[in-house]
Amino acid sequence: MFDLFKANEPAFNIYNQLPVARPGLIFIIIGAVLVLLALVLEWFCLTVIFLLLTGFTVWFFRDPERPAPPPGFGVSPADGRIIKVEKADNPHTNAPARKVSIFMNVFNVHVNRIPITGRLVSQVYYPGTFLNASFDKASANNERNALVLETDDGTVTMVQIAGLVARRIVSWVAEGEKLERSQRFGMIRFGSRVDLYLPLEAEIMVTVGQNVSAGWSPIWRMNR
């Protein structure tokens with residue numbers, strides 16, 4: 001299910017002061033309530049189970065601060081492993097592009113970040129299936145949310161793709177906004193993949209199998 005939060009939030013927000021992503025708060029609260037209930041009822045085995053599950057939930061939805069990224073590069077929109085670097089047609093702009101795919105497993109930070117400063121000219125949600133996000137056909141068949149940025153270096157498209165376990169794509173930006181490099185823009189609960197479509201002139205700085213960090217790791221630079 002797609003969840004679009006209000007984009008124009010005040011600069012100071014209680015959510016921004018927390019070390020976890022806002023979509024995880026409800027799960028953490030539910031877990032804490034279950035732990036307290038099990039303690040009150042003296043269900044000690046369940047207390048341990050609920051405590052472990054709540055701890056995992058806090059860890060999964062962690063949202064650490066990142067240092068300012070190095071200048072001159074487009075940075076990764078997601079934590080994870082590079083699984084594809086190739087030339088491909090951008091299905092969201094019908095233009096040839098360089099495609100970089102990043103796979104997120106359950107151990108990665110799942111908050112997504114803007115790869116390069118620009119204006120969000122389009123955001124389109126596509127319902128779909130929940131295939132393993134590492135499969136090639138996941139880019140076309142899975143539930144996904146495509147965001148198209150107009151930047152000084154051309155059009156950049158990033159696509160949040162739900163996977164086998166992920167069942168909810170979250171975005172809290174809106175069309176028309178100017179977005180800054182490394183700014184948080186959403187997440188995919190419990191998964192799973194982000195595809196980047198870059199201008200053909202982009203010099204790709206990563207290789208398949210490389211691990212990257214959202215908002216920090218250089219992905220490309222422009223040969224202009």
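Remember, it's a predicted structure, so these values are computed and weren't measured experimentally.
Closest non-hydrogen pair, D153 versus P199, comes out as O-CG, 3.4 Å. P96 and D89 get closest at one heavy-atom pair: CA-OD1, 3.7 Å. Of all heavy-atom pairs spanning N112 and M187, the tightest one is OD1-CA, 3.5 Å. Across M104 and A78, no two heavy atoms sit closer than the pair SD-CB, 3.8 Å. Residues Y197 and A97 share a closest heavy-atom pair of CB-CB, 4.1 Å. When every heavy atom of P69 is checked against every heavy atom of G215, the shortest pair comes out as CB-O, 3.4 Å.
By the rule that hydrophobic residues join a cluster once side-chain heavy atoms approach within less than 4.5 Å of another member, I83 and V75 end up as members of separate clusters. Residues L34 and I49 share a hydrophobic cluster, clusters being chains of Ile/Leu/Val/Met/Phe/Trp/Tyr side chains in contact below 4.5 Å. Note on M222 and M158: same hydrophobic cluster, where clusters join Ile, Leu, Val, Met, Phe, Trp and Tyr whose side-chain heavy atoms are under 4.5 Å apart, directly or indirectly. Cluster annotation: F50 is connected to I30 through the hydrophobic network of ILVMFWY side chains, with a link wherever side-chain heavy atoms come within less than 4.5 Å. Follow the hydrophobic side-chain contacts under 4.5 Å out from L46 and you reach L37 in the same cluster.
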Start with the C-alpha gap between E65 and R184, add the side-chain angles, then the distance that decides, and say whether salt bridge (charged side-chain N to carboxylate O under 4.0 Å, His left out) holds.
CA-CA 10 Å; E65 291 295 330; R184 298 169 176 87; 3.1 Å; yes
For the pair H92 and Y126, evaluate side-chain contact (heavy atoms from CB on, under 4.5 Å) and give the outcome as yes or no after the intermediate values.
CA-CA 11 Å; H92 310 283; Y126 300 88; 3.3 Å; yes
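Within the structure, the side chain to side chain donor-acceptor pair (under 3.5 Å) test picks out no pair touching residues 27-40 (sequence neighbours left out).
Residues that satisfy the side chain to side chain donor-acceptor pair (under 3.5 Å) test with Q183, not counting sequence neighbours, are absent from this structure. For E175, the side chain to side chain donor-acceptor pair (under 3.5 Å) test picks out no residue, with sequence neighbours left out. Here R98 pairs with nothing under the salt bridge (charged side-chain N to carboxylate O under 4.0 Å, His left out) rule; sequence neighbours left out. Partners of N108 according to the side chain to side chain donor-acceptor pair (under 3.5 Å) rule, which considers only residues two or more places apart in sequence or in another chain, do not exist here. Taking A32 as the reference, nothing meets the side-chain contact (heavy atoms from CB on, under 4.5 Å) condition, with sequence neighbours excluded. Not counting sequence neighbours, S122 has no partner by the side chain to side chain donor-acceptor pair (under 3.5 Å) test. In terms of the side-chain contact (heavy atoms from CB on, under 4.5 Å) criterion, residue partners of I82 (sequence neighbours excluded) are, by chain and number, V85, V100, I102, V206, Q210, V212, I219. Partners of T47 by side-chain contact (heavy atoms from CB on, under 4.5 Å), not counting sequence neighbours, listed by chain and number: V35, A38, L39.
Here the side chain of T151 pairs no donor or acceptor atom with the backbone of I116 at under 3.5 angstrom. Put simply, the side chain of Q123 never gets that close to the backbone of V148: no donor and acceptor are under 3.5 Å apart.
The CZ atom of R119 sits 7.5 Å away from the CD atom of E150 when rounded to the nearest 0.5 Å. The OG1 atom of T54 sits 11.5 Å away from the CD1 atom of I29 when rounded to the nearest 0.5 Å. Atoms CD and NZ, on E86 and K99 in that order, are 5.5 Å from each other to the nearest 0.5 Å. Taking CZ from F185 and CG from L147, the interatomic distance works out to 5.5 Å, rounded to the nearest 0.5 Å. Between L41 atom CG and W43 atom CH2 the span is 4.5 Å, to the nearest 0.5 Å. Taking OG1 from T155 and CG from L198, the interatomic distance works out to 11.0 Å, rounded to the nearest 0.5 Å.
The shortest side-chain heavy-atom distance between V208 and K84 does not fall under the 4.5 Å cut-off. In this structure, I161 and E143 have side chains that are not in contact, with every pair of non-hydrogen atoms separated by 4.5 Å or more. Within the 4.5 Å cutoff, no side-chain heavy atoms of D79 are placed close to those of W216. Two residues are said to be in side-chain contact when any heavy atoms from C-beta on lie closer than 4.5 Å; P77 and L196 meet this criterion.
Grouping Ile, Leu, Val, Met, Phe, Trp and Tyr residues whose side-chain heavy atoms lie under 4.5 Å apart, directly or via other members, places V48 in a hydrophobic cluster with L52. Under the 4.5 angstrom side-chain criterion for Ile, Leu, Val, Met, Phe, Trp and Tyr, F44 has no cluster partners at all. Its side chain within the 4.5 Å cluster rule, M205 clusters with F73 among the Ile, Leu, Val, Met, Phe, Trp and Tyr residues.
Counting only N and O atoms by type, the side chains of R66 and S182 include no donor and acceptor under 3.5 Å apart. Residues Q160 and S171 bring no donor and acceptor atom of their side chains to less than 3.5 Å of each other.
Note that R193 lies outside the cation-pi zone of F103, set by a 6.0 Å cut-off to the ring centre and a 45° limit from the axis.
Each of I114, T157, V121, T117 was evaluated against L149; a single residue qualifies, I114, per the side chain to side chain contact (heavy atoms under 4.5 Å, CB included) test.
The existence of a salt bridge linking R144 and D195 is excluded, since no basic side-chain nitrogen approaches an acidic carboxylate oxygen closer than 4.0 Å.
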